[in-house]
Amino acid sequence: MTVQHRPARPAILGQNQYGKAENRVVKITRDGGTHHIRDLNVSVALSGDLEEVHLSGSNANCLPTDTTKNTVFAFAKEHGIASAEQFGIHLARHFVTSQEPITRARIRIEEYAWERIATAGPGADEVRHSFARKGQETRLTQITYDGETWEVVSGLKDLVVLNSTNSEFWGYIKDRYTTLQEAYDRILATEVSSRWRFDWTGDAQPMPDWERSYEQVRTHLLQAFAETYSLSLQQTLYQMGSRVIEHRPEVEEIRFSMPNKHHFLVDLKPFGLENDTADGAVYHAADRPYGLIEATVLRDGAEARIPLDLTTI
Ligand SMILES: O=c1[nH]c(=O)c2[nH]c(=O)[nH]c2[nH]1
């Protein structure tokens, strides 16, 4: 029997699209002391007359993905973000109407919601520039018992918080590798992971009210974050820990691991746009690398027993 071979046929280019994915755009608008935040993850995919880009390597019809990224940030500054839908419509229309070879644009946007951290007020002391990301953090606990002594370490993780002002960072060491510019008004954002150890070791002592303790520690952490005028994330961390130690007698020791979730002001000067912190500033929320600030705050005389690496409990 003879085997039938299908005639060889040439390769052809099928459906294709390209663009810049996951542009992390944060815009802060100021209404006096009350700040508003919009936090988007914007992905652009363009298609059209792009055969030659793939086949011959001619880039004559290629709008660089870098340009699509710049457009997203510049539009956030110039036109604002009234809603994710409005922003996406505006971008899609721009790409299709301004570039002849581009005949289709798909803009995908995820929006991260934030809620204000409640502080003292309303009144002069009320903080209006501090936010916690919506969505519940994870509450944790670890109980150890050897037949005699109890150890209870509780905590939380994934609590994302942001101050849109009242944060500076300057006066640090400068060596030949330093390029960081001093900051006098920056965003301070972190994802709090914390564990705290209770002074309760056994039945001879009254047991803490675990529910109320958790609620109170969480509130003190949030309020200390919001109310601290920060000169570094390290200083904010210490304020958060010492506030818990001072207000919650049942807590002996509290440990933190806090990534510095950097937000960089985008340089929009090449597009004739000023972008400073005064109002409507647009930031790039950088993913990695991140600063990682870790420390324990203890009651004077207490023993530090929470492991340095929080992932081990
Ligand atoms: O709060 C900060 N602490 C640092 O140690 C540090 N280092 C850095 O580059 N930025 C910051 N911010």
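Counting convention: from 1, in listed order, for ligands and their atoms alike. The basis for the numbers below is simple: all heavy atoms, side chains too, and nothing from hydrogens, waters or symmetry mates. This is a predicted model, so every value here is computed, not measured. Along the sequence shown, the residues carry numbers beginning at 1.
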Pairwise salt bridge (Lys or Arg N to Asp or Glu O under 4.0 Å) hits with a residue in residues 177-190, at least two apart: R30-D185, K174-E182

No-hydrogen, no-angle side-chain donor-acceptor test under 3.5 Å, T236 and T228: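 Result is no, nothing qualifies.
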
Under 3.5 Å side-chain donor-acceptor pair for T201 and Q205: yes

Say whether, by atom type as modelled, one donor and one acceptor occur between the side chain of T296 and the main chain of I254 under 3.5 angstrom. no

So, does S58 use its side chain to make a donor-acceptor pair with the main chain of V53 at under 3.5 Å?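 No, the answer is negative, given that no donor and acceptor are paired below the 3.5 Å cut-off.
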
Return a table of N or O atom pairs, ligand 1 on one side and protein on the other, at distances under 3.5 Å, rounded to 0.1 Å.
residue: ligand 1; atom: 1 (O); partner: R186; partner atom: NH2; Å: 2.8
residue: ligand 1; atom: 1 (O); partner: L233; partner atom: N; Å: 2.7
residue: ligand 1; atom: 3 (N); partner: Q234; partner atom: OE1; Å: 2.8
residue: ligand 1; atom: 5 (O); partner: Q234; partner atom: NE2; Å: 2.9
residue: ligand 1; atom: 12 (N); partner: R186; partner atom: NH1; Å: 3.1
residue: ligand 1; atom: 12 (N); partner: N260; partner atom: ND2; Å: 3.3

Please report the C-alpha distance between T119 and E227 in whole Å, then the side-chain angles of each, then the deciding distance to 0.1 Å, and finally whether the side-chain hydrogen bond (donor to acceptor under 3.5 Å, both in side chains) criterion is met. CA-CA 8 Å; T119 58; E227 289 166 7; 4.5 Å; no

